[in-house]
Every structure is written in structure tokens, then in C-alpha cells.
Chemist: 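Sharing a structure here in C-alpha cells format.
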Amino acid sequence: MTTQNWKTQTTAVHAGTLRSAFGETSEAIFLTQGFIYDTAEAAEARFKGEEPGFIYSRYANPTVDMFEKRMCALEGAEDARSTTSGMAAVAAALLCSLKAGDHVVAARALFGSCRWIIETLMPKYGIQSTLVDGTRTEEWEKAVRPNTRLFFLESPANPTLEIIDIKAVATLANSIGARLVVDNVFATPLFQKPLELGAHVVVYSATKHIDGQGRCLGGIVLSDKAWIDEHLHNYFRHTGPGMSPFNAWTLLKGLETLPIRVRQQTGSAGKIANFLAEKGAVARVIYPGRADHPQASIIRQQMTGGSTLICFDVKGGKKAAFSFQNALRIVRISNNMGDAKSLVTHPATTTHKNLSEEAREELGIGPGTLRLSVGLEDADDLMSDIENALGAAA
Ligand SMILES: *Cc1c(COP(=O)(O)O)cnc(C)c1O
């Protein structure tokens with residue numbers, strides 16, 4: 001069955017399905033550690049790679065394979081490996097090909113643990129890095145050294161939803177023979193295709209929109225087959241960050257509804273962003289679907305939709321931000337996002353508390369900054385919840 005001409009929604013439901021002899025409708029969960037061989041000769045042939053088949057679930061598993069194949073079809077990638085969490089995917093994508101003496105350039109607006117890998121872990125193994133304002137292409141250029149091997153960025157970035165010109169950074173990477181790794185979590189596979197824009201590797205935390213219902217963690221690294229064979233394949237087999245079959249099954253179910261969930265949540269987020277922009281208690285709204293987004297022209301070039309997330313500042317700093325969060329009745333306080341349930345985060349005191357105040361300011365995170373992840377509730381209910389809470393904060 002060819003999946004090449006399928007549109008996104010068909011791909012999200014069917015691609016990669018591997019039906020057993022029972023002909024089950026829903027994907028089976030192959031909750032097994034290993035696999036048996038009919039003969040000693042068959043075992044030998046499988047280990048030599050002369051015969052296809054599974055060997056051990058740390059290497060590959062049929063349920064996990066279905067998830068990887070479906071993600072490859074959605075992303076337009078040749079191959080993938082899925083991991084226990086988004087961070088395991090980021091760590092694998094960065095570490096598998098780097099060595100002591102290499103240099104990495106990364107955008108400074110990164111998920112906190114990604115910054116820890118680059119700023120704290122990699123130097124222990126002799127890998128140096130430079131963090132830049134990723135929205136300024138000339139800063140990437142200036143940071144390049146003779147030993148620069150890898151570029152890393154997240155777009156839209158957490159929590160201020162700043163956008164990086166992926167094509168421009170990919171062009172620079174190609175000109176010096178470096179590879180560009182893009183963390184595409186905020187855009188989802190629906191709204192941005194980094195590989196088509198020239199990126200070499202894409203990573204996801206599947207924990208977010210791909211599950212979308214707050215159940216399990218997961219991650220995935222997607223790229224061309226040659227890079228995976230050369231760098232990721234053995235790293236993955238021998239360090240063992242592989243996804244569990246049960247989580248792969250949950251995430252396959254998540255993919256079936258990803259397009260309708262993300263479109264619905266984005267539609268609500270767009271309405272709520274416009275609603276917030278009208279409110280006197282709100283100092284600023286950043287939303288990748290509004291014409292006043294600082295990088296609106298790049299969004300038009302590289303994204304096909306807005307976001308399920310909104311970043312906004314309430315007037316009155318931390319005190320007002322806390323009163324606002326505490327007064328919400330439907331939207332819940334959580335550092336997570338991409339869920340069916342609407343969630344609000346105060347980055348300065350939670351996800352970004354480890355950064356200095358100066359570093360937070362550079363990223364545009366102030367004491368009144370809030371990140372709202374819009375869920376599947378009725379948008380009108382969410383707006384009245386927000387309206388009441390803004391009243392309490394004022
Ligand atoms: C959540 C997140 C991660 C980490 O994913 P986990 O599944 O929590 O390990 C990495 N990058 C971004 C942009 C994220 O939002």
C-alpha cells in the first residue's frame with residue numbers, strides 16, 4: 001500500500017500499520033522483550049542482517065515500528081527512532097554524531113533541559129557551544145568556527161513563540177557542511193515541515209500534541225537513512241533510550257486525532273489571542289497567527305498554521321500573574337502543554353526559574369509573562385474563565 005499520495009489526515013490514521021494474522025482493526029500492542037527464531041540458521045541470518053525481522057525490543061519492536069513509520073510518513077522523513085521522552089530524543093540527536101573538539105551553535109531561546117545539555121553536559125565531553133539570538137541570521141554566521149558541526153534551534157520557541165528562519169539557517173549550515181537539528185514540538189507535524197525547509201534532523205517531544213491527552217511521555221528523532229545508519233543506529237541500540245510498546249500504541253492513537261485536535265485548538269487559540277489583545281489588563285500578546293507577531297513574514301513563509309499556544313503579559317507583574325492563575329476555574333496551572341485540557345504556566349517562576357533575570361529578559365520573559373496552552377474546551381467557556389480571572393488580577 002503506497003502512502004505517498006495520502007493527505008495528512010489519512011496518513012495520521014493509517015500509515016505504518018502492521019496487521020498481525022488476526023486482522024485486528026486497531027494496532028496491536030506487542031508487549032514483548034524478545035522474539036524467537038524457527039531455527040538456529042534463522043537466528044544467524046537475522047543477526048547478520050540477511051533476513052528481516054525483529055531481534056530485541058531495545059533495537060526495534062513492531063508497535064514502536066508502526067509509530068516510527070507513521071511519523072516518517074507525516075514528516076516526509078526516510079527513517080526515525082523513537083525514545084522514552086522528548087529529552088531522550090534531543091540528547092540522542094545531539095550527542096550521537098558529536099565528539100570532543102566539535103562546536104555547536106544554538107538559538108538561546110530553548111527548552112530548559114535542551115539548554116542544560118548544550119551549556120552543562122556537552123562541555124564535560126569537550127564539545128563547545130555558542131548561544132545566539134536565533135531570530136538574527138547574521139548572529140548564526142558570526143558564531144561559526146572552523147570546527148562548527150551542528151546547529152540547533154526550536155521554532156516557535158518556548159515560551160515567547162519567537163520564530164527562526166529555518167531556511168536561512170539551513171542554507172548557512174549547508175555552506176559549512178554542518179547539520180541543522182530542529183526541535184519542532186511547538187509547530188507540530190501539521191504546521192511546519194523542517195526537512196522540506198532544509199533542516200537535516202527533526203526532533204519531537206511526543207508528550208505534547210502527539211499524545212495530546214496528557215497520558216504518556218515519548219520522543220522521536222527523524223532524518224535521512226544514511227545519517228541514522230551512520231550515527232543514531234548504534235548510539236540508540238547500545239544506550240537504550242527506546243520507547244516502550246505501550247507508549248508507542250498510546251501515541252499511535254494520539255496521531256489518529258492529531259490533525260483535528262490541533263486544528264480545533266489552534267482555532268480557539270486564535271480567537272483567544274484576539275480577545276486578550278483587546279483587554280486593558282493585558283500589556284502584550286504574542287501569537288503566531290496575528291499580523292503583529294514580530295516575525296509575521298517568516299511565519300507566512302514556513303508555517304501553514306498558527307499555534308495552540310499564546311504568550312501574553314498581564315499588567316501588574318508577578319502579583320497580577322499569580323492572582324490571574326489562581327482565579328482561573330477551567331484553565332489549570334501546569335508546566336505541560338499541548339493537552340486537551342487548557343493549561344497556564346508562569347515561566348519566570350517555573351520552567352525558566354533557573355535562568356538569571358538578565359537571561360530571562362533577553363528572552364522576553366518578564367514577571368507578568370504567562371504561557372497559555374489552549375485545549376479542546378469550548379472557546380467561549382475559556383474566554384469567560386479568562387475574563388473573570390483578568391478581573392480578579394486587576
Ligand atoms: C517538552 C519539550 C521537550 C522535552 O520533552 P519531554 O517529553 O518532556 O522530555 C523538548 N523540547 C520542547 C520544545 C518541549 O516543549
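Note that ligands are numbered from 1 as they come in the structure, with each ligand's atoms numbered from 1 the same way.
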Chemist: Tell me the nearest of V90, L217, D183 to atom 12 (C) of ligand 1, using heavy-atom distances.
Modeler: D183

Chemist: Output the distance between atom CG (N388) and atom CG (L328), rounded to the nearest 0.5 Å.
Modeler: 9.0 Å

Chemist: Taking only heavy atoms of M337 into account, list the atoms of ligand 1 that are under 4.0 Å away from them.
Modeler: 15 (O)

Chemist: Is it true that atom CG of D378 has more than 12 heavy atoms of other residues, nucleotides or ligands lying nearer than 6.0 Å?
Modeler: yes

Chemist: Under 3.5 Å between some N or O of ligand 1 and some N or O of F111?
Modeler: no

Chemist: Roughly how far, to the nearest 0.5 Å, is the NZ atom of K253 from the CZ atom of R215?
Modeler: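 One gets 10.0 Å once the value is rounded to the nearest 0.5 Å.
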
Chemist: If you count the atoms of ligand 1 from 1 in the order shown, which ones are under 4.0 Å from a heavy atom of F186?
Modeler: 15 (O)

Chemist: I'd like to check the salt bridge (charged side-chain N to carboxylate O under 4.0 Å, His left out) partners of R70; sequence neighbours left out, ordered by chain and number.
Modeler: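 Testing R70 for salt bridge (charged side-chain N to carboxylate O under 4.0 Å, His left out), a comparison that skips the adjacent residues, returns E27.
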
Chemist: Starting from atom 6 (P) of ligand 1, which protein heavy atom do you reach first, and at what distance in Å?
Modeler: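 That would be G86 N, 3.4 Å.
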
Chemist: Before you tell me yes or no, could you show the steps for R263 and Q9 under side chain to side chain donor-acceptor pair (under 3.5 Å), namely the whole-Å CA-CA distance, both residues' side-chain angles and the distance that decides it to 0.1 Å?
Modeler: CA-CA 11 Å; R263 277 193 202 106; Q9 205 142 322; 3.0 Å; yes

Chemist: Which atoms form the tightest heavy-atom contact between S307 and Y287, and what is the distance?
Modeler: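 Reported closest heavy-atom pair: O-OH, 2.6 Å.
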
Chemist: What are the atoms of ligand 1, with element, lying closer than 4.0 Å to any heavy atom of S85?
Modeler: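 In order of number, 7 (O), 9 (O).
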
Chemist: Enumerate the atoms of ligand 1 whose separation from the nearest heavy atom of T207 is less than 4.0 angstrom.
Modeler: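 Counting atoms of ligand 1 from 1, those under 4.0 Å from T207 are 6 (P), 7 (O).
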
Chemist: Can you tell me how far apart CG (N147) and CD1 (I127) are? Round to the nearest 0.5 Å.
Modeler: 11.0 Å

Chemist: Can you report which non-hydrogen protein atom sits closest to atom 1 (C) of ligand 1, along with the distance?
Modeler: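 Atom 1 (C) of ligand 1 sits closest to the protein heavy atom K208 NZ, 1.4 Å.
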
Chemist: Taking only heavy atoms of V185 into account, list the atoms of ligand 1 that are under 4.0 Å away from them.
Modeler: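 Under 4.0 Å from V185, ligand 1 has these atoms: 12 (C), 13 (C), 15 (O).
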
Chemist: Which residue owns the protein heavy atom closest to atom 9 (O) of ligand 1, what's the atom, and how far is it?
Modeler: M87 N, 2.9 Å

